[in-house]
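This report refers to the structure that appears directly beneath it.
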There are 2 protein chains.
Amino acid sequence: MARKTGSHADITGPAIKASALRLFARSGYAAVSMREIAGDVGVRAGALYLYTPDKQTLLFDLLREHMEHLLASWTAAKSGATPLERLETFVHFHVDYHFDRSDEVFLSYMELRNLSPDNFGRIEVMRRRYEAELEAILCDGDASGAFHLPDLRVTTRAMIAMLNGVLTWYREDGHLSRDSIRKMHWQMARGMVQA
Amino acid sequence: MARKTGSHADITGPAIKASALRLFARSGYAAVSMREIAGDVGVRAGALYLYTPDKQTLLFDLLREHMEHLLASWTAAKSGATPLERLETFVHFHVDYHFDRSDEVFLSYMELRNLSPDNFGRIEVMRRRYEAELEAILCDGDASGAFHLPDLRVTTRAMIAMLNGVLTWYREDGHLSRDSIRKMHWQMARGMVQA
DNA sequence: TGTCTATCTGAACATCCGTTCAATTCAATC
DNA sequence: GATTGAATTGAACGGATGTTCAGATAGACA
């Protein structure tokens, strides 16, 4: 096996994260062993510990990097003057993000309970920050009379739950284009807030 | 330990299912050991095998019984003449069911991937049957002009995803009454179908 | 009172788990 | 060609896992 000093690690490190992400998303954190991840990478289990201190940190780093990327992407994407425009931007962004990074998104809401309490707290802070972005849009729209919400927090969570639903089936319906799914969810979201 | 022939089994059997349900829902199927379940019941691990052939069947039976109960409950509850009334009944039923049996519902959509392929297929058939109940309501409403749906299947799944969202937070907001949550979700569901 | 039998224990089975580490490999450097 | 050091192996660690089963226990019945 070829080994170049200081360069092979640049391959193995990301490869481990990619394999762990895919396997965790497919079978669940608890059901995937370190040997299984190593085998997928093409390496022995011991080698993983050159790149992560333990399995728990491997999961945590995947979720943390995902949340950081999600927040940064939204910060770059957010736009719109009116609450309605801002909500449309959010819905499109959210659905698109789910298409592009389905494993990360799926993992981040399925494996929260396998994080240690400390790590859970850190991820939860970021998750709430993202949720607050939507909540702010809905809040402004409700205040301006553009939306009519039964309850701010409940609507925020219900809308995120609805949008996350794409995750469970989007692979099946190959005949629906991403753009049509995006538009449909925007129509339903607009209905939810009675705009 | 007192033991009455032919009667103690009537206690231990259901106790095992209750413990397994709660522990699986809390920590996940793969993360809960048979010894842990036995300890919760107040029995040794070996005794579990008088009531289930193996761990996999224990999970499957929990999900199967839940789905059978869900379908039977809906059959008993379904009512309404117009699509709008039928939809309202469905939304109220679904939200109420989630309140009353949150562990079962949570388990049934978190642990599907830990079922063997055969068992997964059996549960999936029942899950689709339930989904079809909502789809039929939406289909009739769309045909009669009462609803305006972008896509029948997408709307069905998006609505179930939204309603399932209650599971993730309903414990926190103790200040919201069940009735108010029910009404809010009905308002949002009605908006989603543009009724 | 003694027998029967449903119920449960306690110990064992093979196998897997996450993790550690001395020994090895080999590209890069001198 | 010899040396260096990053990258990886392979074997081992203690412990947990699902499952089995001969034997103990104790209520029910003769």
Short side-chain N/O contact from [X] to OP1 or OP2 of [N], under 4.0 Å:
X: B/R44; N: C/dG10; answer: yes
X: B/S33; N: D/dA16; answer: no
X: B/T12; N: C/dT7; answer: no

- What are the residues of residues 47-61 of chain B, sorted by number, that bring a heavy atom to within less than 4.0 Å of DNA chain C?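 Only B/A47, B/L50, B/Y51 qualify.
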- Query: Taking DNA chain C as the partner, which of residues 18-31 of chain A come within under 4.0 angstrom of it by heavy atom?
  - Reply: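 Within this stretch, nothing sits under 4.0 Å of the strand.
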- Pick base, sugar-phosphate or nothing for A/V41, based on heavy-atom distances below 4.0 Å to the nucleic acid.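 Contact class for A/V41: none.
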Do [Y] and [X] meet the salt-bridge criterion of a basic N to acidic O distance under 4.0 Å?
X: A/D103; Y: A/R26; value: no
X: B/R128; Y: B/E124; value: yes
X: A/R22; Y: A/D40; value: yes
X: B/R178; Y: B/D96; value: yes
X: B/E131; Y: B/R127; value: yes

[X] [atom1] to [N] [atom2], straight-line distance once rounded to whole Å:
X: A/I37; N: C/dG18; atom1: CD1; atom2: P; result: 8 Å
X: B/M34; N: C/dT9; atom1: CE; atom2: C1'; result: 16 Å
X: B/I16; N: C/dT7; atom1: CD1; atom2: P; result: 11 Å
X: B/E36; N: D/dA16; atom1: CD; atom2: P; result: 12 Å

- Message: Less than 6.0 angstrom separating the ring centers of B/H94 and B/F99, yes or no?
- Response: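 Between B/H94 and B/F99, the centre distance exceeds or equals 6.0 Å.
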Grab the N/O contacts between the protein and nucleotides 11-13 of chain D below 3.5 Å, and write none if there aren't any.
residue: D/dA12; atom: N6; partner: A/R35; partner atom: NH2; Å: 3.3

- A/K55 to A/Y29, cation-pi by 6.0 Å centre distance and 45° axis angle: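 Yes - A/K55 lies over the ring of A/Y29, closer than 6.0 Å to its centre and within 45° of its axis.
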- Message: For B/E88, give me all partners under side chain to side chain contact (heavy atoms under 4.5 Å, CB included), at least two apart in sequence or on another chain.
- Response: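 In terms of side chain to side chain contact (heavy atoms under 4.5 Å, CB included), with neighbours along the sequence ignored, B/E88 is linked to B/H92, B/W186.
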- Results of side chain to side chain contact (heavy atoms under 4.5 Å, CB included) for A/T89 - residues two or more places apart only: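 Result, side chain to side chain contact (heavy atoms under 4.5 Å, CB included) vs A/T89: A/W74, A/S79.
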- Residue pair B/F90, B/Y130: steps toward the ring-ring contact (aromatic ring centres under 6.0 Å, His included) verdict: CA-CA 11 Å; B/F90 182 88; B/Y130 182 67; 5.4 Å; yes
- Qualifying salt bridge (Lys or Arg N to Asp or Glu O under 4.0 Å) pairs, either residue in residues 12-21 of chain A, two or more places apart: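 For residues 12-21 of chain A: A/K17-A/E65.
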